[in-house]
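Take this structure, written in structure tokens, and hold onto it; I'll ask about it next.
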Amino acid sequence: MARFYRHPGREFDWWSSVARAALAPRTVASDMRAVLREAKASGRITEPVRAWLAGEDSEPDARPGSVTDARDRRDRALLGMAFPEELEHDREVARVLGEPERYYDSREENVTLRLRMLSAAIAEGYRTRWNPLLLDGTLYSSFITKRGTLADRPDWRTALDQAEADETQLSDFLVTRGLHWLAEHGTVEADRGSADGQRRPGRRSVSAPATPCC
């Protein structure tokens with residue numbers, strides 16, 4: 001499934017994505033809204049769920065708990081929207097995003113743009129609007145090809161317990177929760193458009209772990 005990867009000295013396909021990156025987070029956030037509209041039209045989600053995930057309304061049938069718990073439920077739902085488990089749903093997302101049908105599951109750029117879409121949508125539920133390029137490089141370019149999914153992730157408490165008990169789960173936690181938590185508090189920020197570039201004065205350096213995330 002998900003893997004961290006790193007290419008020393010290499011920028012991610014910068015020239016092909018620079019125009020879109022300049023418009024982030026507004027453009028990539030609108031991509032997620034389009035994905036959610038299509039999911040509603042196809043009957044995968046209801047209108048109240050669509051509005052909640054789009055950041056337009058509160059959670060339907062909200063459960064008791066902390067703000068962190070509520071955010072985590074929304075974050076996990078968005079993870080499954082960006083990288084769904086069902087093949088037909090994944091192809092639906094690809095069509096909405098305009099990923100070329102012949103190559104949609106084998107291009108590194110597609111994985112990166114989905115990560116940016118996901119990060120921008122998740123930021124709508126936080127006080128800080130971080131740069132959605134934060135997650136660039138955190139999944140292998142073959143993630144979609146190998147039918148990787150971010151759906152059905154455990155709640156944040158369970159995920160933390162798993163990461164503490166098994167180091168191989170740490171990178172999964174960073175991709176799905178940790179980096180966004182750190183970004184909200186200004187501990188990390190996207191630099192030069194990738195997770196490999198977290199080296200700035202006063203900032204913690206974040207590089208890709210060598211261990212697989214799951």
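For this chain, numbers begin at 1 and follow the sequence in order. Note: hydrogens, waters and symmetry copies are ignored here, and every other heavy atom, side chains too, is used.
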side-chain contact (heavy atoms from CB on, under 4.5 Å) assessment of R127 paired with H185: CA-CA 9 Å; R127 294 169 298 179; H185 295 286; 3.7 Å; yes
Donor-acceptor contact present, side-chain T149 to main-chain F83, <3.5 Å: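 Yes: the side chain of T149 pairs with the backbone of F83.
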Residue pair L150 / L79: nearest heavy atoms and the distance that separates them: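 Closest approach of L150 to L79: O-CB, 3.4 Å.
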Minimum-distance pair of heavy atoms, taken over all atoms of I45 and L36: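 What the structure gives for the nearest pair is CD1-O, 3.7 Å.
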Approximate separation, where rounding is to 0.5 Å, of S119 OG and L134 CG: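 Rounded to the nearest 0.5 Å, the OG-CG separation comes out at 5.5 Å.
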Student check: side-chain heavy atoms of W52 and S58 closer than 4.5 Å: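 The answer is no, as the side chains (C-beta and beyond) never meet within the 4.5 Å cut-off.
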Non-hydrogen side-chain atoms of L78 and L118 separated by less than 4.5 Å: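 L78 reaches L118 side chain to side chain.
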Under 3.5 Å donor-acceptor, T128 side chain and E184 backbone: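 Looks like yes, one N/O pair under 3.5 Å.
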Ring geometry between W156 and W181 (parallel below 30°, tilted from 30 to 60°, perpendicular above 60°):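 Perpendicular.
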Nearest heavy atoms of A159 and F173, plus distance in Å: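 It is CB-CD1, 3.7 Å.
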Set of side-chain contact (heavy atoms from CB on, under 4.5 Å) partners for Q162, sequence neighbours left out: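 Applying side-chain contact (heavy atoms from CB on, under 4.5 Å) to Q162 gives P154, T158, Q169.
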Closest contact, heavy atoms only, R157 versus D155: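 The answer is N-OD1, 3.0 Å.
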Donor-acceptor contact present, side-chain R76 to main-chain A151, <3.5 Å: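 The answer is no, because no donor-acceptor pair under 3.5 Å joins these two groups.
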Inter-residue atom distance L113.CG - D31.CG, 0.5 Å rounding: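 The CG atom of D31 is 8.0 Å from CG of L113, to the nearest 0.5 Å.
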Salt bridge (Lys or Arg N to Asp or Glu O under 4.0 Å) between D90 and R114, worked out: CA-CA 11 Å; D90 192 62; R114 287 200 198 190; 2.7 Å; yes
Donor-acceptor under 3.5 Å (R71 side chain, G125 main chain):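 Confirmed, R71 side chain pairs with G125 backbone.
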Verdict with reasoning, L179 to T138, per side-chain contact (heavy atoms from CB on, under 4.5 Å): CA-CA 10 Å; L179 286 176; T138 56; 4.1 Å; yes
Sequence-distant partners of E56, side-chain contact (heavy atoms from CB on, under 4.5 Å), two or more places apart: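 side-chain contact (heavy atoms from CB on, under 4.5 Å) check on E56 returns R33, R50, A51, A54.
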Cationic N near anionic O, under 4.0 Å, D72 to R177: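 R177 and D72: salt-bridged.
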Main-chain N/O of L53 paired to R74 side chain as donor or acceptor, under 3.5 Å: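 It does hold such a pair.
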Exercise: identify the closest heavy-atom pair between Y126 and I122: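 That closest heavy-atom pairing would be CD1-O, 3.2 Å.
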Set of side-chain contact (heavy atoms from CB on, under 4.5 Å) partners for A41, sequence neighbours left out: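 In terms of side-chain contact (heavy atoms from CB on, under 4.5 Å), with neighbours along the sequence ignored, A41 is linked to no residue.
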Student check: side-chain heavy atoms of R147 and E85 closer than 4.5 Å: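 No; the side chains remain at least 4.5 Å from each other.
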M81 vs H89 side-chain heavy atoms within contact, under 4.5 Å: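 In short, these two side chains touch, coming nearer than 4.5 Å.
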Nearest atoms (heavy-atom pairs only) where A82 meets V93: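 Shortest heavy-atom separation between A82 and V93 comes out as O-CG1, 4.3 Å.
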Test item: E88 and R44 side chains (from C-beta on) under 4.5 Å apart, heavy atoms: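 With C-beta onward as the side chain, the pair touches.
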Min side-chain heavy-atom separation M117-P132 under 4.5 Å: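 M117 does not reach P132 side chain to side chain.
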Side-chain heavy atoms of N131 within contact of E189, under 4.5 Å: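 N131 vs E189: side chains apart.
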Any V49 side-chain heavy atom under 4.5 Å of P60 side chain: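 Counting from C-beta outward, V49 and P60 do come under 4.5 Å.
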Residue pair R153, D172: steps toward the salt bridge (Lys or Arg N to Asp or Glu O under 4.0 Å) verdict: CA-CA 9 Å; R153 284 304 191 266; D172 181 80; 2.9 Å; yes
Worked verdict on L115 versus L139 for side-chain contact (heavy atoms from CB on, under 4.5 Å): CA-CA 9 Å; L115 283 169; L139 296 179; 3.7 Å; yes
Donor-acceptor pair, side chain of S42 and main chain of E38, under 3.5 angstrom: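 The answer is yes, because a donor-acceptor pair under 3.5 Å joins these two groups.
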Separation of E108 CD from S142 OG (nearest 0.5 Å):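 One gets 10.0 Å once the value is rounded to the nearest 0.5 Å.
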